[in-house]
Amino acid sequence: MYELKTKENDGSVIEFIESVESPKKKEDAYKLLDIFTETSGYPAKMWGPSIIGFGSYHYKYSSGHEGDAPLVGFSPRKAKISLYFAPGDTKREELLEKFGKYTTGKACVYINKIADVDVDVLKELITQSIQFLKERYPEK
């Protein structure tokens with residue numbers, strides 16, 4: 001059976017942020033920590049070695065694959081800051097139109113710095129993602 005690498009753990013969020021080399025990225029990571037904590041209402045937890053996640057949900061795909069993932073999160077990576085929102089949410093695309101300067105991958109939204117984006121839209125993305133995932137994967 002496939003074992004998920006990205007699991008919630010007891011790693012220190014502050015120690016992880018302090019390990020970020022770029023002073024500007026570290027500063028943005030602390031700002032994101034405040035924004036995500038305040039907006040989501042969940043405490044920050046480490047997921048795997050490098051993702052700061054908030055809340056969690058249990059998913060199960062039709063293939064039988066299942067696991068747990070953070071409702072929302074971010075990671076201050078070397079190249080860009082990765083933001084994790086719900087994939088498959090059509091409202092996410094609408095919000096991203098007003099977000100500012102970003103790129104996207106399969107599930108991530110990448111930004112260079114907080115100054116490039118609209119923080120109010122970021123808060124909407126966090127709230128919308130949590131709502132979408134709670135509706136799609138209700139707790140049993």
What are the two closest heavy atoms between [X] and [Y], and how far apart are they?
X    : Y    : result
S40  : V72  : CB-CG2, 4.4 Å
P70  : G53  : CB-CA, 3.7 Å
H65  : Y59  : NE2-OH, 3.4 Å
W47  : D68  : CZ3-O, 3.6 Å
K98  : D118 : O-CB, 3.9 Å
F132 : A86  : CD2-CB, 3.4 Å

In the structure I gave you, are the side-chain heavy atoms of [X] and [Y] within less than 4.5 Å of one another anywhere?
X    : Y    : answer
I51  : M46  : no
L71  : S129 : no
K113 : I81  : no
I52  : L32  : no
E21  : K78  : yes
K45  : N9   : no
L33  : I14  : yes
L122 : F85  : yes

If a pair satisfies ring-ring contact (aromatic ring centres under 6.0 Å, His included) and one of its residues is in residues 14-43, list it, with sequence neighbours excluded.
F36-F54, F36-F74
Examine the side chains of S50 and R77 and answer whether a donor and an acceptor come within less than 3.5 Å of each other.
yes
Residues in side chain to side chain donor-acceptor pair (under 3.5 Å) with K26, at least two apart?
none
Donor-acceptor check, side chain of D28 to backbone of I114, threshold 3.5 angstrom: yes or no?
yes
Would you find a donor on one side and an acceptor on the other, under 3.5 Å apart, between the side chain of T104 and the backbone of V109?
no
Check this for me: does any side-chain nitrogen of one of E94 and K91 sit under 4.0 Å from a carboxylate oxygen of the other?
no
Output the distance between atom [atom1] ([X]) and atom [atom2] ([Y]), rounded to the nearest 0.5 Å.
X    : Y    : atom1 : atom2 : value
L133 : R136 : CG    : CZ    : 8.0 Å
C108 : K80  : SG    : NZ    : 12.5 Å
I35  : L125 : CD1   : CG    : 11.5 Å
Q128 : I130 : CD    : CD1   : 10.0 Å
Y110 : S75  : OH    : OG    : 10.0 Å

Please check if atom NZ in K134 has more than 12 non-hydrogen atoms from other residues, nucleotides or ligands closer than 6.0 Å.
no
Just jot down the side chain to side chain contact (heavy atoms under 4.5 Å, CB included) partners of K101, sequence neighbours excluded, or say none.
N112, D116
